[in-house]
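Reviewing the structure listed below.
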Amino acid sequence: VSCSASHLIPLLGGGTINATAAANYICTNFNAVSSKLSDTTYAVNNTYLLFSAYLVFAMQLGFAMLCAGSVRAKNTMNIMLTNVLDAAAGGLSYYLFGFAFAFGAPSNGFIGRHFFGLENIPSPSFDYSFFLYQWAFAIAAAGITSGSIAERTQFVAYLIYSSFLTGFVYPIVSHWFWSTDGWASASRSDNNLLFGSGVIDFAGSGVVHMVGGIAGLWGALIEGPRIGRFDQSGRSVALRGHSASLVVLGSFLLWFGWYGFNPGSFLTILKSYDDGGPYYGQWSAVGRTAVTTTLAGSTAALTTLFGKRLLAGHWNVIDVCNGLLGGFAAITSGCAVVEPWSAIICGFVAAWVLIGCNKLAEKLKYDDPLEAAQLHGGCGAWGVLFTGLFARERYVSEVYSAGRPYGLLMGGGGKLLAAQIIQILVIFGWVTATMGPLFYLLKKLNLLRISRDDEMSGMDMTRHGGFAYIYHDEDDKSHSHIPGFMLRKVEPTNTNSPSPNNNSPSAV
Amino acid sequence: VSCSASHLIPLLGGGTINATAAANYICTNFNAVSSKLSDTTYAVNNTYLLFSAYLVFAMQLGFAMLCAGSVRAKNTMNIMLTNVLDAAAGGLSYYLFGFAFAFGAPSNGFIGRHFFGLENIPSPSFDYSFFLYQWAFAIAAAGITSGSIAERTQFVAYLIYSSFLTGFVYPIVSHWFWSTDGWASASRSDNNLLFGSGVIDFAGSGVVHMVGGIAGLWGALIEGPRIGRFDQSGRSVALRGHSASLVVLGSFLLWFGWYGFNPGSFLTILKSYDDGGPYYGQWSAVGRTAVTTTLAGSTAALTTLFGKRLLAGHWNVIDVCNGLLGGFAAITSGCAVVEPWSAIICGFVAAWVLIGCNKLAEKLKYDDPLEAAQLHGGCGAWGVLFTGLFARERYVSEVYSAGRPYGLLMGGGGKLLAAQIIQILVIFGWVTATMGPLFYLLKKLNLLRISRDDEMSGMDMTRHGGFAYIYHDEDDKSHSHIPGFMLRKVEPTNTNSPSPNNNSPSAV
Amino acid sequence: MAALSCSAGDLSPFLGGATNATAAAQYICSHFDAVSNKLVDTTFAVDTTYLLFSAYLVFAMQLGFAMLCAGSVRAKNTMNIMLTNVIDAAAGGLFYYLFGFAFAFGTPSNGFIGHHYFGLKQFPSPSFDYSYFLYQWCFAIAAAGITSGSIAERTQFVSYLIYSSFLTGFVYPVVSHWFWSGDGWASAARADNLLFGSGVIDFAGSGVVHMVGGIAGLWGALIEGPRIGRLMERVVLITANGVPSEERRSQLRFAGCTAALTTLFGKRLIVGHWNLTDVCNGLLGGFAAITGGCSVVEPWAAIICGFVAAWVLIGCNKLAEMFKYDDPLEAAQLHAGCGAWGIIFTALFAKEVYVNEIYPGRPGRPYGLVLGGGGKLLAAHMVQILVVVGWVSVTMGTLFSVLHRLKLLRISAEDEMSGMDLTSHGGCAYHDDGDQTEKTGFMTKVHQKEGTPSPYHSAV
């Protein structure tokens with residue numbers, strides 16, 4: 001952009017002759033400005049999306065720490081290996097075909113079919129940053145499932161289900177609800193919307209959390225509970241995780257990552273809304289989303305704290321962390337289209353949904369080491385309903401388009417709620433129909449559950465070459481009594497004197 | 001923006017008749033460009049602020065890990081629960097009224113009174129992202145205090161003081177010094193500034209760190225030291241934390257988060273300064289702030305390293321971490337208005353301030369498990385003074401406005417220093433007057449300190465349903481030799497069998 | 001500077017007659033200038049935002065290194081290794097501020113070393129802003145962090161301080177000057193006179209960061225010799241969560257993923273069980289390798305890169321075992337070995353289009369050999385490997401052997417047996433409780449609080 005008055009003056013000065021030159025001069029400048037503005041817009045939006053994707057990736061770290069802390073020490077290596085591989089295997093399978101199934105438009109309403117191996121990317125509609133963002137979502141779904149079947153699943157089964165989920169089951173669900181071709185998508189391009197509304201699942205309470213949770217439900221159901229989880233008389237016995245610090249670390253990291261998950265789902269930030277002042281635009285909506293997310297999680301954590309205090313009689317940090325995550329899983333669906341005050345309601349109910357689901361699970365002798373099915377499946381389903389109840393007209397018209405049905409309790413009629421209920425049913429059906437048979441087949445092939453001996457002694461020792469924690473140093477004599485004869489005692493009996501010979505160097 | 005020469009030519013071509021049309025055409029284009037630019041500015045600034053807020057939130061994670069590592073294993077669950085709740089309860093109370101007290105302009109100089117429950121947000125002056133950012137600051141203040149009173153405080157007391165601090169005490173202080181109406185604010189709109197200068201507390205050495213530190217000081221003083229912290233003869237006995245790894249993890253996370261805390265306090269990044277080249281603007285100031293922050297922390301860490309080596313005779317990573325954080329707490333006040341070289345001085349002095357405060361605390365038998373009062377209170381106060389000494393004229397005029405008093409040692413006279421001293425006194429007075437009586441009242445009601453038995457055996461066991469770490473599995477018989485006769489040994493020598501009676505219900 | 005808002009009422013009189021041409025032109029142009037200024041500001045703001053947050057993420061790698069180190073050494077040395085990591089960042093901050101940055105980017109200068117901007121004087125300049133310094137500082141401390149892993153568990157703290165300052169303040173900046181600054185003799189960003197007409201394409205530092213750190217570690221570990229009673233035991237790892245930011249595109253991830261998967265199955269075949277730690281190292285190896293070429297290769301090539309990197313790492317480890325070379329974190333193998341592979345890989349697979357996008361203004365640059373770009377780039381990259389190995393060996397090798405002579409390098413055997421935390425750091429990293437008295441390790445004794453587990457006490 002370089003406009004010089006001395007050039008322009010003669011052009012404007014004369015009569016008709018210079019009109020062309022003057023107009024060209026002015027318009028060239030405008031076009032330069034305009035293309036620069038367009039570059040800026042892409043740069044800002046991609047910066048926003050990329051850093052959001054990094055935050056979502058940090059959730060993987062959170063899942064790993066949460067899982068690690070929630071299992072017993074003897075299975076830590078196993079669960080963390082699955083988490084690392086989740087991200088790695090998910091990256092490859094999502095690159096090769098997952099992304100194509102999910103967003104390969106133009107396509108039919110059921111499955112996409114372009115962009116295999118990122119061919120023709122970047123295109124006008126998708127850039128690499130979008131792929132990266134969606135990949136981070138896909139591995140989050142697989143990460144959820146891994147929690148449900150922890151501590152008793154063969155590693156091979158894990159590899160198989162994880163690739164299947166990230167490469168096929170999850171992409172198809174996200175195609176339905178998020179792609180411009182999906183049969184139930186609210187952003188469908190041809191306006192042939194489900195119930196005239198489409199499903200509003202903004203950041204994936206249904207698409208990500210319910211898929212992961214229900215897959216985990218079937219895995220855990222088919223495997224059965226861990227040994228010792230329910231005693232002979234059928235009473236529930238808590239098998240507590242080995243490190244609350246890691247659980248809290250994981251929960252906070254997930255909280256941190258959720259700021260990429262929910263607000264990041266706008267994909268762009270530079271977009272003005274016409275209805276507010278100049279200061280109001282997508283950036284405000286992004287901020288609002290972050291606020292609703294925070295409030296839902298906070299409320300759920302506090303509700304769980306007091307609820308559990310009444311029910312169980314003591315304060316429990318693990319339950320509070322799970323309540324927190326339940327609140328997040330619930331708000332994920334509606335985060336962009338609800339008011340902050342309704343986020344508080346969302347979190348409050350989510351906490352009770354989680355408590356109820358846990359009671360139910362106990363009754364049914366369902367064992368889920370991380371409560372993943374209850375948390376992500378149960379609270380996720382509540383979140384989908386919640387959006388159908390509380391979505392606000394103005395926000396729906398800003399984020400999707402004007403004239404759409406909105407929340408029942410906000411006076412928008414039942415159409416959105418109907419669409420949301422369809423989503424819950426369809427996701428439940430689809431995941432059950434795909435993952436159920438897969439887990440069943442794995443079980444029949446004896447690839448699903450580890451042997452009883454392995455389970456008793458912990459997979460780290462039998463499959464992963466040793467335990468995760470070695471506080472006891474190896475230089476001393478303790479190797480001599482490497483057990484083997486008593487499988488139930490292989491565990492680091494020495495953890496109890498974790499820092500041996502401190503203060504008494506003579507002991508070395 | 002779409003300028004087409006073929007449209008413009010006829011307009012310019014004729015005589016006077018088309019002048020209106022031509023002018024309209026050109027101006028429509030300019031206005032389109034201008035509104036697009038305004039959108040871009042909002043988008044960039046909000047992106048910047050949001051990601052800074054996420055980083056500040058990561059400090060909460062840092063506090064949790066730092067606290068967890070610095071207490072004994074038997075109290076880990078307790079301290080981490082408080083950290084999670086800090087963020088959660090803080091989120092609700094700051095949403096409901098804290099933000100309104102702090103920034104509810106127009107108001108008087110003492111307390112704000114608009115925007116309760118985020119009503120009328122977004123407004124031209126505040127957006128959701130600003131709320132999120134301020135919330136992250138508020139919970140940081142509460143997080144500081146929790147360190148001081150760790151390991152001996154009842155959980156209920158924690159809930160009460162935390163809501164009071166985040167919802168009332170802290171917001172009012174931030175109103176005084178940061179809002180456009182505050183009586184001592186440097187960004188006051190009516191130019192009726194304190195000493196013609198206002199207090200320069202850019203990112204909150206005083207507003208956040210001193211408030212948190214002094215609240216902790218009173219809490220810890222009123223509670224008294226932990227059992228065993230000073231032996232019968234009054235000698236100090238170090239009660240060391242249970243995991244240095246967690247302390248380092250926490251310190252690094254705080255360092256990471258501080259890059260949101262200090263540079264983020266600019267709130268915007270897209271703003272040019274007229275006095276430099278085109279390449280010089282708020283973005284450079286933001287970068288400089290990050291550099292001063294880094295240098296102050298680094299210098300303080302190195303100074304502590306060598307200082308402690310001389311005084312104590314060995315290298316100590318915990319002390320180095322505390323020194324590091326002390327440097328950060330000190331630079332926080334002046335980070336935006338000082339030169340990088342003076343940040344080195346700031347860090348150097350901060351390290352000695354911390355060492356001095358610790359010596360003093362030992363003399364006075366003051367027990368603060370995380371040195372929070374010394375670190376945040378002491379180094380924070382030094383930081384406030386430091387700004388009064390070293391603030392540079394050019395930077396003050398860029399960040400605030402031209403013609404303000406600046407640092408005494410830079411030749412700017414004593415007015416700024418006087419204002420800074422007032423700040424220290426006023427914060428000390430206000431926090432003492434509010435938090436002191438609160439803690440005293442809690443003590444009188446027997447809600448403050450846990451019982452002696454609870455303290456000896458650790459709150460995790462008595463209040464939180466079990467210990468944080470279970471490295472040893474519960475299946476074995478080890479429950480049989482339950483001690484209890486020796487109080488000093490009740491502590492989790494049993495971390496090894498922390499979750500009693502699992503799998504061996506017979507032991508119950 | 002005029003306002004951005006344009007008013008037709010103001011403009012139309014100017015356009016009315018010929019006499020007002022000057023005013024009209026000025027009116028229009030002042031608006032364009034205002035727009036243009038605003039756009040420049042926006043560009044700076046966006047670029048700085050991007051660079052700053054990237055720098056923060058790179059800094060998070062330091063956190064990753066600390067946890068990786070803490071988990072990879074034996075518990076008795078945890079305090080020691082973590083102190084070194086903290087000091088790394090802190091000392092690195094000071095030295096890089098005082099002269100490291102000046103050596104690296106102090107243009108105008110000769111091809112060997114820079115000589116401006118000591119202590120960030122004359123900052124910000126049109127070419128560099130504070131955020132750029134911050135970003136480069138994070139890279140510098142990453143290099144020192146790599147080395148600290150190699151010599152862990154047996155090095156005196158003083159020698160750590162010395163080598164770390166030397167590496168961040170001198171050795172690394174000089175290398176980065178060669179390959180990254182506008183004046184460097186082998187830089188691809190050089191205005192003219194490029195090495196082999198190509199310059200070295202080391203986009204994010206497979207060579208500059210990873211090989212420098214790895215080779216320095218190699219010499220340190222070689223001169224010190226292996227740890228007493230070396231046993232390969234490992235603890236938890238935290239994956240370095242900052243890694244993805246260092247690079248641009250998603251290629252990075254494929255390399256990491258492929259490397260992780262390859263390592264997984266490779267190790268499964270060789271060792272017979274699934275091993276988390278190996279997978280993590282494989283992952284990092286893949287990242288270290290793709291770092292050099294991440295912006296100029298296609299995603300599918302990244303998969304090849306990662307696949308080979310995993311085998312390079314496995315090979316290097318076998319080799320190290322053969323030569324009785326002990327590196328607690330496999331840092332030399334991982335960063336130097338995979339880093340070197342990454343450099344070669346870039347020369348083989350750099351794509352013409354991307355090379356010209358990243359290094360514009362000079363069409364016809366050589367590109368990857370396998371993609372038909374001829375051997376010039378490969379030659380430049382071979383030179384890079386040799387030069388980096390040579391320079392780091394000469395400087396760091398000398399330093400370590402001097403320290404060794406002065407008996408400042410290795411701790412005493414006694415210290416090593418009992419762990420440095422106890423002997424020089426005032427205690428161990430992990431306490432299971434605060435009572436030091438008779439807290440020994442003689443038995444697996446179990447104390448249980450009297451009575452039952454108190455979940456059922458009514459709290460408060």
Side-chain angles (χ1 to χ4, degrees), chain A residues 16 19-20 22-24 26-27 30-31 33-34 37 40 44 48 51 72-74 228 231 237-240 242-245 248-249 252 256 259 269-270 272 277-281 283-284 287-288 290-291 294-295 298-299 301-302 314-317 320-321 340-341 469 488-489 491-492 495-496, chain B residues 1 3-5 8-9 12-13 26 29 33 35-36 38-40 42-44 46-47 50-51 54 57-58 60-61 64-65 68 76-77 80-81 84-85 88-89 91-92 95 117-118 122 124 127-129 131-132 155 246 463-466 468-473 475-476 496 499 502-503 505:
Chain A
T16 3
T20 315
N24 274 332
I26 294 174
C27 279
F30 270 121
N31 291 333
V33 167
S34 158
L37 275 175
T40 308
V44 172
Y48 177 70
F51 281 99
R72 288 164 293 178
K74 62 183 179 181
D231 65 12
V237 177
L239 296 181
R240 295 179 57 232
H242 79 283
S243 168
S245 304
V248 172
L249 176 61
F252 266 122
F256 182 58
Y259 287 125
I269 190 166
L270 208 175
S272 65
Y279 59 86
Y280 184 73
W283 49 89
S284 308
R288 190 181 63 236
V291 172
T294 308
L295 289 175
S298 301
T299 315
L302 289 176
H314 55 82
W315 314 102
N316 188 326
V317 68
V320 170
C321 286
W341 60 261
Y469 298 98
R488 306 204 50 186
K489 298 288 293 178
E491 292 77 50
T495 29
N496 40 2
Chain B
V1 184
C3 188
S4 132
L8 189 52
I9 291 165
L12 287 172
I26 292 174
N29 270 300
V33 166
S35 82
K36 180 78 183 168
S38 147
D39 291 351
T40 308
Y42 278 111
V44 171
N46 274 289
T47 304
L50 276 173
F51 281 97
Y54 303 158
F57 175 76
Q60 204 60 22
L61 179 58
M65 292 300 110
T76 311
M77 298 272 272
M80 282 194 302
L81 181 56
V84 174
L85 284 180
L92 278 181
Y95 163 73
L118 290 191
D127 206 336
Y128 290 106
S129 49
F131 165 76
L132 204 75
F155 189 70
L246 287 179
R463 304 281 153 170
H464 296 276
Y469 300 100
I470 308 176
Y471 289 124
H472 195 70
D473 280 319
D475 321 280
D476 58 29
N496 39 5
S499 62
N502 308 347
N503 302 351

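Reminder, nothing fancy here: chain letters follow the sequence lines and each chain counts from 1. Treat the numbers as computed from the prediction; the structure is a model and nothing was measured.
At a threshold of 4.5 Å between non-hydrogen side-chain atoms, the residues B:Y128 and A:P340 count as touching. A heavy-atom distance below 4.5 Å is not found between the side chains of B:L118 and A:R288. Between B:V33 and A:S34 there is no side-chain heavy-atom pair separated by less than 4.5 Å.
Residue A:T294 touches chain B through its side chain alone, counting heavy-atom pairs closer than 4.5 Å. Both the backbone and the side chain of B:D39 have a heavy atom closer than 4.5 Å to some heavy atom of chain A. Residue B:F51 touches chain A through its side chain alone, counting heavy-atom pairs closer than 4.5 Å. For A:T40, the part sitting under 4.5 Å from any heavy atom of chain B is the side chain, from C-beta outward, and nothing else. Interface residue B:A89: backbone and side-chain heavy atoms are both found under 4.5 Å from chain A. Of the two parts of B:L61, the backbone and the side chain both hold a non-hydrogen atom closer than 4.5 Å to a non-hydrogen atom of chain A. Of the two parts of A:V320, only the side chain, counted from C-beta on, holds a non-hydrogen atom closer than 4.5 Å to a non-hydrogen atom of chain B. At a 4.5 Å heavy-atom cutoff, the contact between B:F131 and chain A is made by side-chain atoms alone.
Here the straight-line distance linking atom CD1 of A:I269 with atom CG of B:L50 works out to 6.0 Å at 0.5 Å rounding. Rounding to the nearest 0.5 angstrom, the gap separating the CG atom in B:L92 from the CG atom in A:L302 is 5.5 Å.
Between A:S298 and B:G91, the closest heavy-atom pair is OG-CA, 4.3 Å.
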Worksheet item: What do the steps show when you test B:D127 against A:Y279 for side-chain contact (heavy atoms from CB on, under 4.5 Å), and what is the final call?
Response: CA-CA 8 Å; B:D127 206 336; A:Y279 59 86; 5.8 Å; no
Worksheet item: Going through the checks in order, is the side-chain contact (heavy atoms from CB on, under 4.5 Å) test met by B:M80 and A:L249?
Response: CA-CA 9 Å; B:M80 282 194 302; A:L249 176 61; over 6 Å; no
Discussion item. side-chain contact (heavy atoms from CB on, under 4.5 Å) for A:F252 and B:V84? Distances and angles first, verdict last.
Written reply: CA-CA 8 Å; A:F252 266 122; B:V84 174; 3.9 Å; yes
Discussion item. Pair A:W283, B:T47 - check side-chain contact (heavy atoms from CB on, under 4.5 Å), show working.
Written reply: CA-CA 7 Å; A:W283 49 89; B:T47 304; over 6 Å; no
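Taking the six-membered ring where the residue is Trp, the centroids of A:Y259 and B:F57 are separated by under 6.0 Å.
Ranked by non-hydrogen atom pairs under 4.5 Å with chain B, the options A:S284, A:C321, A:G281 are led by A:S284.
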